[in-house]
Amino acid sequence: MKKSISLYLIFAFLMTGMLEEFSNDEVFTLSSKQASLQVSLVFLCLGLLLCYTIPFALGIKYISKRWQVTAKLLPLSFVCGYFIPGWIAGECNDATDQLLKHSGVLVTNIASSLETGVVEEMLKVLVVIWLLSLLGLRLKKHFMIAGMGVGLGFQFCEDIDYLVGFIDHHPLHALKYTLADRLSGCLVSHMIYSGVMAIGVYEIFYAHHYKRGIFYVLTAILSHALYDAIADYGALFIVLSGAFLLLIWYQSYQEIDQAVTTH
């Protein structure tokens, strides 16, 4: 009964996410004079985004095969990451901003970035937990793969949404933005955030390594918030925090890989 309800809910959230994504017709309400340029830019920028998405997906697939993880986990987690957490995070972020403004609280860039980091990372890891519980998977390697899959799906969805916004309002800036912002920061982004976040949740609730798990969770959230807060003028801090998060992810990867391959 519980599994049936969970399946119904995840299907409902997926359908809502698809409606949110596919009902966005901004690109198709453009002036005829600029239509050809904008369509060309859409395909060009989309191709550039696929330059990281496809290799990352193949990398996760390779790790899944190496760890003998069921092949369906990656595509399911990617689809869920693309369609479920994004629109919910958008609604939550907008509602929080409106609530703070109406309450007279000064919303700074740092506070807004921290709120976004908390909301998005919590939603993504909830999708991971939800999906793994439906599939009956609960090992550390499953959390790593599902976390990265959900994060990659979310990352690609976010890139598409930003691309649509630029094409609609500033088409000539779309290519520059895709190269300078989305591609340059793709390595240490939602895929790694969610991978580390999922491992942190596993450490807390399954391995009962509370200090380590909380450290992982906080590191993922703060790295996300730091990137959003100072992405335009804090390149050094972005690189340092990204390198630190990537090191944590790689350490977890090595631990799982060693445990799997030695048995």
Side-chain angles (χ1 to χ4, degrees), residues 10 52-82 84-85 117-118 120-156 185-224 226-227 239-263:
I10 202 168
Y52 84 77
T53 305
I54 293 175
F56 284 179
L58 292 175
I60 301 173
K61 182 181 179 181
Y62 168 78
I63 297 172
S64 298
K65 188 174 181 179
R66 179 179 174 86
W67 291 350
Q68 298 180 337
V69 173
T70 175
K72 63 185 176 183
L73 182 57
L74 173 57
L76 285 175
S77 59
F78 182 90
V79 170
C80 289
Y82 190 101
I84 296 179
V118 171
E120 291 185 357
E121 295 310 319
M122 291 300 295
L123 285 171
K124 286 185 292 178
V125 83
L126 285 174
V127 172
V128 170
I129 296 170
W130 196 359
L131 179 61
L132 291 179
S133 66
L134 284 173
L135 297 175
L137 305 173
R138 57 189 62 192
L139 298 179
K140 190 174 183 179
K141 62 182 181 181
H142 299 139
F143 275 81
M144 171 72 87
I145 297 299
M148 294 175 67
V150 168
L152 184 60
F154 183 94
Q155 186 172 333
F156 189 60
C186 68
L187 178 59
V188 185
S189 189
H190 290 285
M191 183 182 72
I192 300 298
Y193 297 152
S194 299
V196 173
M197 185 81 174
I199 290 297
V201 168
Y202 173 86
E203 294 288 356
I204 294 171
F205 295 102
Y206 292 86
H208 305 295
H209 299 152
Y210 300 110
K211 291 183 179 179
R212 185 179 187 182
I214 292 172
F215 175 72
Y216 282 8
V217 167
L218 290 178
T219 301
I221 291 174
L222 292 176
S223 295
H224 185 170
L226 182 65
Y227 181 87
V239 171
L240 291 176
S241 67
F244 183 64
L245 189 69
L246 195 61
L247 181 63
I248 291 176
W249 174 86
Y250 185 67
Q251 182 184 25
S252 297
Y253 166 80
Q254 283 190 313
E255 290 176 356
I256 299 171
D257 191 67
Q258 185 177 8
V260 171
T261 56
T262 54
H263 285 81

Applying side chain to side chain donor-acceptor pair (under 3.5 Å), name anything that partners [X], two or more places apart in sequence or on another chain.
X    : value
Q258 : none
Y206 : none
H142 : none

Expected list for residues 192-205: side-chain donor-acceptor pairs under 3.5 angstrom, two or more places apart:
{"residue": "S194", "atom": "OG", "partner": "K124", "partner atom": "NZ", "Å": "3.1"}
{"residue": "S194", "atom": "OG", "partner": "H190", "partner atom": "O", "Å": "3.0"}
{"residue": "E203", "atom": "OE1", "partner": "H209", "partner atom": "ND1", "Å": "2.8"}
{"residue": "E203", "atom": "OE2", "partner": "K140", "partner atom": "NZ", "Å": "2.9"}

Checklist line | Qualifying residues under salt bridge (charged side-chain N to carboxylate O under 4.0 Å, His left out), relative to R66, sequence neighbours excluded | finding: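 Salt bridge (charged side-chain N to carboxylate O under 4.0 Å, His left out) list for R66, sorted by chain: D257.
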
Checklist line | Enclosure of Q254 CD (heavy-atom neighbours >12, cutoff 6.0 Å) | finding: yes

Considering all heavy atoms, the nearest [X]-[Y] contact:
X    : Y    : result
V127 : C80  : CG1-CB, 3.8 Å
Y216 : S252 : CE2-OG, 3.5 Å
S77  : G149 : OG-CA, 3.3 Å
I129 : F143 : CG1-CE2, 4.3 Å
P85  : L123 : O-CD1, 3.9 Å

Which distance, rounded to the nearest 0.5 Å, do you find between the [atom1] of [X] and the [atom2] of [Y]?
X    : Y    : atom1 : atom2 : result
S189 : F156 : OG    : CZ    : 13.0 Å
I145 : W67  : CD1   : CH2   : 5.0 Å
L152 : L74  : CG    : CG    : 7.5 Å
S64  : L58  : OG    : CG    : 11.0 Å
F56  : L187 : CZ    : CG    : 5.0 Å
K141 : I256 : NZ    : CD1   : 9.5 Å

Next item on the list: Without swapping roles, check the side chain of E121 against the backbone of I221 for a donor-acceptor pair under 3.5 Å.
Entry: no

Notebook entry, point to check: Under the 3.5 angstrom rule, does the side chain of S223 hit a backbone N or O of A220 as a donor-acceptor pair?
Noted result: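 Flag not set: sc S223 to bb A220 has no pair under 3.5 Å.
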
Note to self: Can you pull out every salt bridge (charged side-chain N to carboxylate O under 4.0 Å, His left out) where at least one residue sits in residues 186-201? Sequence neighbours excluded, please.
What the structure shows: none

Next item on the list: Determine which pairs satisfy salt bridge (charged side-chain N to carboxylate O under 4.0 Å, His left out) with at least one residue from residues 188-200, sequence neighbours left out, and list them in order.
Entry: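 Every pair satisfying salt bridge (charged side-chain N to carboxylate O under 4.0 Å, His left out) with a residue in residues 188-200: there are none.
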
Without placing hydrogens or testing angles, list every side-chain donor-acceptor pair under 3.5 Å for residues 242-249, not counting sequence neighbours.
none

Note to self: Considering only residues two or more places apart or on different chains, which pairs with a residue in residues 52-63 satisfy side chain to side chain donor-acceptor pair (under 3.5 Å)?
What the structure shows: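 Every pair satisfying side chain to side chain donor-acceptor pair (under 3.5 Å) with a residue in residues 52-63: Y52-D159.
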
Notebook entry, point to check: Are any non-hydrogen side-chain atoms of I63 and M144 less than 4.5 angstrom apart?
Noted result: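 No, side chains not in contact.
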
Next item on the list: Go through the structure and list residues passing side chain to side chain contact (heavy atoms under 4.5 Å, CB included) with K211, not counting sequence neighbours.
Entry: none

Checklist line | Residues which pass side chain to side chain contact (heavy atoms under 4.5 Å, CB included) with L76, listed by chain and number, not counting sequence neighbours | finding: K72, L131, L135

